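Inspection log for the structure reproduced underneath, given as structure tokens.
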Amino acid sequence: MSDSIAIGWFGPTHDHWDWILGHFRDVTVLAERDVEDWVFLHSQSTGSDRTVPTHALLFALESRFEPAVDFVKRRDQPCSMPWCVLLGDDWVGHRRTFPLPETLPTFYWYELFDRILPWLVNLSHAAPKESSTVSSNSVGNRRVSPRVQRWIDTSLAMECRLRDSHSTANAIELALVVTETATTRQLWCDAFARYKIQCVATTPTHIELWAKPDVIVIDLESEPLAVRERHLAEDGGGPRACLVRKVAQQFPDATIVVADPFPRWDDWKTLKQWGADILVAKPFQFAGILDTILSCQVKS
């Protein structure tokens, strides 16, 4: 999916990590002893204008207590190559317990489409900023952490690309939102309207439409955990997965986005098998989703 940046990968390669790795065409899996040599070798090369990076280093941490955590913390300093840390489920809530330094650029594994890929795309459009390693920055009279400042910088860059692009409305002429609540419908329709993309909405029981949407968003109320586990065991995913399959069959050329407030890899793997192209956790970054759809080839 991503051709402009070659990836150096340090960490596990199973389950959701394998899913993430599948979105890059050029990946080198590194052992701890290989990281510094790989960074040194590829820091010597840049893009055609000698400012755009061509390589990025990604660390994946499954657990808070694995030895690799200390290795990653030691890299908390300016680097000649863009790099970030991807966190597994064990890290949810890490800013309150066993925190990582705020200067470390971090993402959760389930933020692939709305944060990780847009961050990498942003690298191919501009050189990394030194401000990303400063201890704090100012927004007006308010000081923010390096983590927040990094996301502000990335969000502003995405907004500029999307608003300056004349192809946005042409690439996505119609979006279809499938949801059960008026609030969720309004959220998505307002977001698409910001970029002058026509949006229509319907419910899961009324998708027999005379329309040809380019993007379909499925954002349903979450089922209780026990119900979701029973559906996974009994019929491979339950009503939501069946809806994804039905929509994928009815609109085979559309990009299907599924929003999930409680991301779990077993659920996402099933939804992906039934036809979901983009899976995002709630709350999500809408500009990042749109940036991924426009910048990356999401349909297989």
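All of these numbers come straight from a predicted model, not from anything done at the bench.
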Review point. Stepwise, does the salt bridge (charged side-chain N to carboxylate O under 4.0 Å, His left out) test hold for Glu32 with Arg74?
Key: CA-CA 12 Å; Glu32 182 173 332; Arg74 290 197 298 270; 3.8 Å; yes
Point to revise | Heavy-atom donor-acceptor pair, Glu111 side chain to Tyr108 backbone, under 3.5 Å | key: yes
Check your understanding: Got a sec, which residues hit side chain to side chain donor-acceptor pair (under 3.5 Å) with Asp34, two or more places apart in sequence or on another chain?
Key -> none
Review point. Within a strict 4.5 Å, meaning less than it, do heavy atoms of the Val177 and Val200 side chains meet?
Key: no
Exercise for review: Report yes if the distance between the aromatic ring centroids of Trp109 and Trp268 is under 6.0 Å, otherwise no.
Suggested key: yes
Check your understanding: So which heavy atom on Ile172 is nearest to which on Asp214, and how close?
Key -> C-OD2, 3.7 Å
Point to revise | Atom NE2 of His206: over 12 foreign heavy atoms under 6.0 Å | key: no
Check your understanding: Short question: side chain of Asp114, backbone of Ile289 - any donor-acceptor pair under 3.5 Å?
Key -> no
Exercise for review: Mind checking ring-ring contact (aromatic ring centres under 6.0 Å, His included) for Phe10 and listing every partner two or more places apart, or none if nothing turns up?
Suggested key: Phe59, Phe71
Practice item. Check whether any side-chain heavy atom of Val178 lies under 4.5 Å from a side-chain heavy atom of Val217, and answer yes or no. Key: no
Review point. Using the ring of each side chain (for Trp, its six-membered ring), is His42 parallel, tilted or perpendicular to His55, with breaks at 30° and 60°?
Key: parallel
Review point. Taking 4.0 angstrom as the limit, do Lys282 and Asp219 come out as a salt bridge?
Key: yes
Practice item. Answer yes if the ring centres of Phe65 and Trp91 are under 6.0 angstrom apart, and no otherwise. Key: no
Check your understanding: Counting N and O atoms only, with roles assigned by atom type, does the side chain of Thr270 sit under 3.5 Å from a partner on the main chain of Asp266, one being a donor and the other an acceptor?
Key -> yes
Practice item. Identify which one of Leu30, Thr28, Val27 satisfies the side chain to side chain contact (heavy atoms under 4.5 Å, CB included) criterion when paired with Trp9. Key: Val27
Exercise for review: Check for a donor-acceptor pair, side chain of Thr179 on one end and backbone N or O of Leu220 on the other, with a separation under 3.5 Å.
Suggested key: no
Practice item. Mind jotting down which residue pairs meet the salt bridge (charged side-chain N to carboxylate O under 4.0 Å, His left out) criterion with at least one end in residues 202-212? Sequence neighbours excluded, please. Key: Glu208-Lys246
Check your understanding: Do NZ/NE/NH1/NH2 and the carboxylate oxygens of Arg240 and Asp260 come within less than 4.0 Å?
Key -> yes
Check your understanding: Can you check whether Leu271 reaches Trp274 side chain to side chain, under 4.5 Å on heavy atoms?
Key -> no
Practice item. Indicate yes or no for a side-chain donor-acceptor contact from Glu66 to the backbone of Ala68 under 3.5 Å, with no hydrogens or angles considered. Key: no
Point to revise | Partner of Leu279 by side chain to side chain contact (heavy atoms under 4.5 Å, CB included), out of Ile256, Val258, Leu112 | key: Val258
Exercise for review: Answer with yes or no after comparing the ring centroid distance for Tyr110 and His16 against a 6.0 Å cut-off, counting only values under it.
Suggested key: no
Review point. Has the side chain of Glu62 got a donor or acceptor atom that lies under 3.5 Å from a matching backbone atom of Gly88?
Key: no
Check your understanding: Within the side chain of Asp90, is there an N or O that forms a donor-acceptor pair under 3.5 Å with the backbone of Arg64?
Key -> yes
Review point. Any side-chain heavy atom of Leu61 within less than 4.5 Å of one from Leu86?
Key: no
